[in-house]
Amino acid sequence: MKSKKQNADFLHVGELLLAWYKIHGRDLPFRNTNDPYKIWICEIIFQQTRIEQGLNHYSRFIHRFPDVQTLAEAENDEVLLYWKGLGYYSRALNLHKAALQIVREFQGKFPENYNNILSLKGVGKYTAAAISSICFGTKIPAVDGNFYRVLSRVFADDFDISKSKAFLYFSELALRMMPENEAGHFNEAMMDLGSEICKPKNPKCEICPLNKECLAFSLGKVHEFPVKSKKTKPTDLELTYHYVEFNGRFLIKRRGDDFIWKRLYEFPTEVPAEFKTEIVHHKTVLHKLTHRNLTVQIYKVILNSEEIFKKFAEENGFIITDLEESHQKSFPKPLENYMKWIEDEI
DNA sequence: AACGCGGGGCT
DNA sequence: AGCCCAGCGTT
């Protein structure tokens with residue numbers, strides 16, 4: 001149990017942070033709304049995704065799916081199309097499921113209660129806290145990577161952030177710092193400080209509003225925090241695809257929701273042996289994933305018989321498409337890049 | 001509690 | 001080449 005004086009110190013840090021945010025907070029498109037739908041979408045998009053990377057996707061997504069009803073009524077495929085290139089595709093699938101959930105279980109009105117928000121597919125403790133605090137003023141910290149980094153540095157706290165207990169541990173610290181009736185702004189402030197000042201590498205401690213209170217800074221040990229024990233060990237994975245073409249058209253099929261690239265489109269992985277004689281080139285694409293070194297082999301096969309092309313497609317459930325049409329489908333990045341390359345060749 | 005899931009940027 | 005990013009669901 002901490003003393004009253006320490007609690008006052010905690011609150012002081014929270015107020016410094018909030019004051020900084022009101023002047024230096026980022027001007028982002030979702031900062032001017034309390035619409036829980038929009039906040040929800042942006043929270044999901046920006047999970048494990050940098051703001052610059054997802055900003056255009058956010059705008060396009062909101063423009064096409066301006067509310068829960070529109071999203072719920074959309075085709076699964078189109079939701080994925082608007083997610084194209086973002087990665088972690090189960091986020092898009094869960095988003096769609098949750099929209100249906102809101103329509104069916106909550107009569108189309110976005111739930112306002114924390115536990116109801118948490119019950120939505122793809123919404124975990126962080127996202128539920130963010131929506132609750134920003135849209136409904138619930139006093140609850142939205143603890144994410146920024147909280148871990150900022151708090152562990154301010155208190156020179158070596159609590160291992162890879163432990164599942166870290167969420168609760170830093171939630172309690174954050175709650176003691178949180179000013180009354182400012183939960184949403186406080187959470188946003190922590191995100192902005194973590195992104196603009198208290199960055200993972202080369203933090204701007206000289207201009208940090210918390211540098212007088214930051215223990216790690218005063219000890220010259222900012223780089224030692226946060227402490228994270230888990231090390232990711234990349235494994236190798238090889239995939240083979242065939243760009244089977246006849247007269248400008250080629251074959252695709254939708255993936256299942258197993259493994260990677262859930263429900264995205266891909267080329268045939270295997271072709272009959274007699275197709276091998278029609279290979280015109282072979283490209284090796286190296287693709288870096290978070291925990292995998294991916295090597296994708298792509299063989300371009302140009303068939304000279306429409307009959308064989310159509311028969312192969314029909315017997316194996318492939319869709320016949322072309323480069324123009326394929327813009328309306330969501331493909332994994334390596335295949336997307338390959339098609340761009342083919343298009344440029346023409 | 002540990003692991004898998006994308007893609008991009010930074011060092 | 002490794003780490004990190006407005007994390008979550010599954011096992």
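Reminder, nothing fancy here: chain letters follow the sequence lines and each chain counts from 1.
In the hydrophobic clustering (ILVMFWY side chains linked at under 4.5 Å, chained through shared members), I140(A) is joined by Y114(A), L118(A). Other residues sharing a hydrophobic cluster with V301(A) under the 4.5 Å side-chain heavy-atom criterion for ILVMFWY residues are V244(A), F246(A), L251(A), V271(A), F275(A), I279(A), Y299(A), L303(A), I308(A), F309(A), F312(A), F318(A), I320(A).
Listed by chain and residue number, F155(A), F159(A), Y169(A), L173(A) satisfy the side-chain contact (heavy atoms from CB on, under 4.5 Å) test with D157(A) (two or more places apart in sequence, or in another chain). Residues passing the side chain to side chain donor-acceptor pair (under 3.5 Å) test with E172(A): none are found, sequence neighbours excluded. Residues passing the side-chain contact (heavy atoms from CB on, under 4.5 Å) test with P29(A) are L55(A), Y58(A), sequence neighbours excluded. K125(A) meets the salt bridge (charged side-chain N to carboxylate O under 4.0 Å, His left out) test with no other residue; sequence neighbours excluded.
Neither side chain, S195(A) nor D192(A), offers a donor N or O lying under 3.5 Å from an acceptor on the other. Looking at Y126(A) and E43(A), their side chains do bring a donor and an acceptor atom within 3.5 Å of each other. When only modelled atom types and interatomic distance are considered, R91(A) and N94(A) share no side-chain donor-acceptor pair under 3.5 Å. There is a side-chain donor-acceptor pair under 3.5 Å between T321(A) and E325(A).
Residues from residues 257-265 of chain A that place a heavy atom under 4.0 Å from any atom of DNA chain C: there are none. Contacts of residues 128-165 of chain A with DNA chain B (heavy atom under 4.0 Å): S164(A). Residues from residues 54-68 of chain A with heavy atoms under 4.0 angstrom of DNA chain C: there are none. Residues from residues 284-291 of chain A that place a heavy atom under 4.0 Å from any atom of DNA chain B, listed by number: H287(A), K288(A), T290(A), H291(A).
Taking the P atom of each, dG8(B) and dG9(C) are spaced 24 Å apart, rounded to whole Å. A gap of 15 Å separates the P atoms of dC3(B) and dC3(C), to the nearest Å. Rounded to whole Å, the P atom of dC8(C) lies 24 Å from the corresponding atom of dG9(B). Of the P atoms belonging to dA6(C) and dC10(B), the separation is 13 Å, rounded to the nearest Å.
In terms of heavy atoms, F30(A) sits closest to I39(A) at O-CD1, 3.5 Å.
Both N94(A) and L28(A) lie close to DNA chain C; mapped to their nearest nucleotides by heavy-atom distance, the more 5′-ward contact belongs to L28(A). Nearest-nucleotide assignment on DNA chain C puts the 5′-proximal partner with K201(A), out of K201(A) and K121(A). Summary of the strand contacts: K233(A) and Y89(A) both lie near DNA chain B, and taking for each the nucleotide with the nearest heavy atom, the more 5' one is attributed to K233(A).
Between the base of dG7(B) and the side chain of Q53(A) there is a donor-acceptor pair shorter than 3.5 Å. The base of dG6(B) sits within donor-acceptor range of the side chain of T49(A), with an N or O pair under 3.5 Å.
Residue contacts for I44(A): at a heavy-atom cut-off of 4.0 Å it reaches no nucleic acid atom on any strand shown. R31(A) comes within 4.0 angstrom of a base, heavy atoms only.
N202(A) has a side-chain polar atom (N or O) that falls below the 4.0 Å cut-off from OP1 or OP2 of dT11(B). Considering only side-chain N and O atoms, K230(A) lies nowhere under 4.0 angstrom from the phosphate OP1 or OP2 of dC3(B).
Remark: side-chain polar atoms of R255(A) are not paired, donor with acceptor, to backbone N or O of E266(A) under 3.5 angstrom.
Between F110(A) and Y37(A), the distance from one ring center to the other does not fall under 6.0 angstrom.
Atom-to-atom, CG of L95(A) to C1' of dG6(B) comes out at 16 Å; the value is rounded to the nearest Å. Atoms NZ (K199(A)) and P (dG9(B)) sit 15 Å apart, rounded to a whole Å. Distance CG (N337(A)) to C1' (dG8(B)): 12 Å, rounded to an integer number of Å. Atom CZ in R91(A) sits about 11 Å away from atom P in dG7(B), given to the nearest Å. In this entry the distance linking CG of L294(A) with P of dG8(B) reads 13 Å, nearest Å. The distance from atom CD1 of I51(A) to atom C1' of dG8(B) is 14 Å, rounded to the nearest whole Å.
Expressed to the nearest 0.5 Å, how far CG of L16(A) lies from CG of L11(A) amounts to 10.5 Å.
We find that E182(A) and K22(A) are joined by a salt bridge, their nearest charged nitrogen and carboxylate oxygen being less than 4.0 Å apart. Electrostatic pairing of E188(A) and R26(A) does not count as a salt bridge here, judged by no charged N lying under 4.0 Å from a carboxylate O.
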Show me the donor-acceptor pairs, under 3.5 Å and distance only, between side chains in residues 210-219 of chain A and residues at least two apart or in other chains.
from	atom 1	to	atom 2	distance (Å)
N211(A)	ND2	C205(A)	O	3.0
N211(A)	ND2	E206(A)	O	3.3
N211(A)	ND2	C208(A)	O	3.3
S218(A)	OG	L215(A)	O	2.9

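Surrounding NZ of K310(A) are at most 12 heavy atoms belonging to other residues, nucleotides or ligands under 6.0 Å away.
Think of the region where chain A sits on DNA chain C: with heavy atoms and a 4.0 Å cut, that region ends 5' and 3' at dG2(C) to dT10(C).
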